[in-house]
*Asks:* 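Just dropping this structure here.
Every number for a ligand or one of its atoms is a count from 1 in the order of the listing. This is a predicted model, so every value here is computed, not measured.
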Amino acid sequence: MAGEGKTGKTKVLQEETRIFEPPKELVENSNVMKYMKKKGIKTEKELRETCSKNYIEFWDEMAKEYVDWFEPYSKVMDDSDMPYFKWFTGGLVNMTHNAVDRHAKGAKKDKIAYIWVPEPTDQATQKITYGELAKEVNKFANGLKSLGVKKGDRVSLYMPMIPQLPIAMLAIAKIGAIHSIVFSGFSAKGFGDRVKDCEAKVAITTDGFYRRGKPMPLKANADEAIADAPSVEHLIVFKRTGIDVNWKEGRDIWWHDLVKGKPEECEAEKLDPEHRLFILYTSGTTGKPKGIEHAQGGYCVGPAQTLHWVFDLKEDDVWWCTADIGWITGHSYIVYGPLCLGVTGIMYEGSPDFPDFGRWWKLIQDHKVTVLYTAPTAIRMFMKQGAEWPAKYDLSSLRLLGSVGEPINPEAWMWYREHIGGGKLQIMDTWWQTETGTFICSPLPITPLKPGSCTFPLPGFNTTIYDELGNEVPLGEGGNIVNETPWPSMLRAFYGDKERYHKEYWEMYWETPKRGTYLAGDKATRDKDGYFWIQGRIDDVLSVAGHRIANAEVESAIVAHPNAAEAAVIGKPDEIKGESIVAFVILNVGVDPSPELSKDVITHVRKTLGPVAAPTEVHFVNDLPKTRSGKIMRRVVKAKALGNPTGDTSALANPEAVEGIPLIV
Ligand code: WT7
């Protein structure tokens, strides 16, 4: 599908002709059809168009339908200070009240909120009801208060997939503090940088975690990370594995000691809807990660509503989103969305291949999972292992599938439908971002699917494709995917960096008649039927196993190696991970290249940024092609390395450098 050009127009090169109509029964019983009938809406097109055109009324209606407000809002959306859009002005709300308390105090008290499956097969699955969840959240919230955590304080979390992670999030949100979760696969430095950026008052971690059956240390990393983070007053440690830990008296406190004797009741703070719910760091085009801020009010609406419509969740569904809570997918669709809807969800602690590649499929069989939401990178990994693994298990409880993180290649799509979906399940390919908080372009259960397309903008979103001047491109062409109007679960700011927030998302169309249009940062095309096909990032951002990693961040880690002078990092297409990271490195004068040094560079990046960001190949070169202003031309490096035409190199200061880039395919 890929076309050429940086921010300019792209073309649809290839067309997918297969269409998969949704089964009648799915359509007739769907949540979205119920809405259509209520409103007298006849077609999907009419639904998507009217809700998006009247987006203010639509979100008003959704906010009333899905959220319990302590105080009703007086204004749905305030755009008087663009791009700082505000939602539900005048209202008072609390996420945890919506996600937990109202269920715990009502008919869902004994309904299971989470089925938690630990990785070690000799440990028991835990089922946690909404009533029990409420108690745990309250005790921990009271524990946080006893440490002096107050409304507006930041709390950084560095935890594996255990129930204490959502418990901590919900407790933090309940008292109006702000959580910032860092994926536990990040290195100590990765965690430390983020703790320092948001100036967390308290950090939470575990002694360790299980990976492929073995206990691994985690607190040791957290210790290193916060050693030079003066804002952190306390480190709360949940005992997961029982491995030895170092202990800093006065700073460290065990989770079990903190909650001991704490009351099981804790009143939710009544918060302004714009009050921040969390900060989540994501990669941008510069080396520095950006702290995306999300707000309480909008987040009570978006995840629940989109989950209800797209994945069609009903009272008796068992929902499994396989993401890690450390990423936005987990925030929205393991924690806030499903809990606000009061459904039962799965949380799995460990690796998909432990003890073997049947683990996920066994889990689906054992717990009768009905809706599965996962990533193309996982599908491709399972494809490689062979269809015999899922074939061993009874997957007949499944009724709907989903995909997220990167474009799903049609081959993986077909395999997913065939071998997981019994050759008949629809696949909801949801396109969205950390910044958007919820799905933006996605099929509904009523949508005819084309493998590899995320289909259309959801009701309530005015998503389209622009050229660089702000003109909508015609069907059949591509360009920048944009949102012309705001939405409740949108990002609100970057923590501590107003200028960059404006620059990254709003500046592109600020001086056009389309001021206030959000630039998502992806290129996309639409085919003649209006289906959206995402082509990837506008800027240089890698997508490794569904994780977004800035080329610049990896490069800056490499050049921090004492022997490395300069580096260019590119993504090489990888059957399983989408992209693997390949680095071209110029060594300091007098240093000789060697295989050991190449390994050492990889280890160095693994240590500084974590295993997800480690290159799989390092090639030493004498020079890298640069512009006259000294900017390394990654595009040219990549083209040469992958054996593609290098295109226009007239802007290069040193065109001879191109010859020295080895072919790596
Ligand atoms: C970027 C956002 C959204 C949760 C996971 C990643 C890419 C995401 C799709 C999809 C094509 C996709 C985009 C987007 N992406 N979903 N269904 N089809 N591309 O969150 O780390 O914020 O990354 O992931 O490039 O901009 P994220």
Side-chain angles (χ1 to χ4, degrees), residues 1-2 181-183 185-186 278-285 289-292 294 302-303 306-307 310-311 321-337 373-379 401-410 412-413 416 427-443 447 449-458 463 465 478 480-483 489-491 494 504-505 518-526 531-550 553 571 577-579 612-613:
M1 295 301 298
I181 304 177
V182 179
F183 175 50
F186 274 154
F278 64 85
I279 299 167
L280 181 60
Y281 287 86
T282 185
S283 298
T285 46
K290 43 195 189 185
I292 307 281
H294 279 285
T306 48
L307 186 60
V310 171
F311 285 104
C321 164
T322 67
D324 190 287
I325 294 176
W327 307 105
I328 194 71
T329 311
H331 280 61
S332 297
Y333 298 110
I334 296 178
V335 183
Y336 294 126
Y373 185 39
T374 190
T377 182
I379 303 296
L401 304 174
S403 172
V404 61
E406 60 185 306
I408 178 164
N409 48 310
W413 197 100
Y416 193 19
I427 300 169
M428 305 292 112
D429 177 359
T430 60
W431 173 80
W432 60 296
Q433 313 175 291
T434 303
E435 292 86 341
T436 67
T438 57
F439 318 143
I440 300 281
C441 285
S442 170
T447 310
L449 307 175
K450 296 190 187 187
S453 167
C454 60
T455 72
F456 308 106
L458 284 171
T463 306
I465 302 175
N480 297 331
I481 187 161
V482 296
N483 280 353
S489 67
M490 67 193 292
L491 76 171
F494 281 0
E504 289 227 8
Y505 302 109
Y518 169 82
L519 176 75
D522 279 346
K523 284 196 291 196
T525 63
R526 268 178 310 187
Y531 279 69
F532 281 64
W533 300 84
I534 308 293
Q535 298 177 299
R537 307 287 303 166
I538 295 172
D539 320 299
D540 285 332
V541 179
L542 301 156
S543 171
V544 182
H547 302 148
R548 212 207 297 179
I549 294 159
E553 199 171 359
K577 293 188 288 185
E579 282 187 310
V612 277

*Asks:* Return yes or no for this condition: an N or O of T329 is under 3.5 Å from an N or O of ligand 1.
*Replies:*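 No, T329 has no N/O under 3.5 Å of an N/O on ligand 1.
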*Asks:* Can you see whether F494 has K290 sitting over its ring - NZ or CZ less than 6.0 Å from the centre and within 45° of the normal?
*Replies:*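 Not satisfied by the 6.0 Å and 45° rule.
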*Asks:* Without swapping roles, check the side chain of E579 against the backbone of S543 for a donor-acceptor pair under 3.5 Å.
*Replies:*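 Pair found, side chain donor or acceptor close to backbone of S543.
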*Asks:* Once you measure the plane-to-plane angle for F278 and H331, does it fall in the parallel (<30°), tilted (30-60°) or perpendicular (>60°) bin?
*Replies:*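 Ring orientation, 0 to 90° scale: tilted.
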*Asks:* Determine whether any heavy atom of W327 lies closer than 4.0 Å to an atom of ligand 1.
*Replies:*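 It does not; every heavy atom stays at 4.0 Å or beyond.
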*Asks:* Looking at non-hydrogen atoms alone, which of T434, I481, I328 comes nearest to atom 27 (P) of ligand 1?
*Replies:*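 It is T434 whose heavy atom sits nearest to atom 27 (P) of ligand 1.
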*Asks:* Answer yes or no: does an N/O atom from T282 fall short of 3.5 Å to an N/O atom of ligand 1?
*Replies:*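 No.
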*Asks:* Can you list the ligand 1 atoms lying under 4.0 Å from a non-hydrogen atom of P407?
*Replies:*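 Near P407, meaning under 4.0 Å from one of its heavy atoms, ligand 1 has 11 (C), 18 (N), 19 (N).
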*Asks:* For the residue pair F186 and W327, categorise the inter-ring angle as parallel (less than 30°), tilted (30 to 60°) or perpendicular (more than 60°).
*Replies:*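 Answer is perpendicular, since the angle exceeds 60°.
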*Asks:* Which pair of non-hydrogen atoms, one from S489 and one from T438, has the smallest distance, and what is that distance?
*Replies:*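 Shortest heavy-atom separation between S489 and T438 comes out as OG-OG1, 3.1 Å.
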*Asks:* Do D522 and ligand 1 have an N or O pair less than 3.5 Å apart?
*Replies:*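 Such a contact does occur with ligand 1.
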*Asks:* Mark up the atoms of ligand 1 that fall under 4.0 Å of a heavy atom belonging to I534, in ascending order.
*Replies:*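 Answer, ordered by atom number: 11 (C), 19 (N).
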*Asks:* Describe, in one word, how the ring planes of Y373 and F311 are oriented to each other, choosing from parallel (under 30°), tilted (30 to 60°) and perpendicular (over 60°).
*Replies:*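 Aromatic pair Y373/F311 classed tilted.
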*Asks:* Purely on distance, is any nitrogen or oxygen of G405 under 3.5 Å from one on ligand 1?
*Replies:*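 N/O-N/O distance under 3.5 Å: yes.
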*Asks:* Within ligand 1, which atoms have a heavy atom of V404 less than 4.0 Å away?
*Replies:*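 The list of qualifying atoms is 3 (C), 4 (C), 16 (N).
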*Asks:* Counting heavy atoms only, which part of E406 comes closer than 4.0 Å to ligand 1: side chain, backbone, both or neither?
*Replies:*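 The answer is the backbone of E406.
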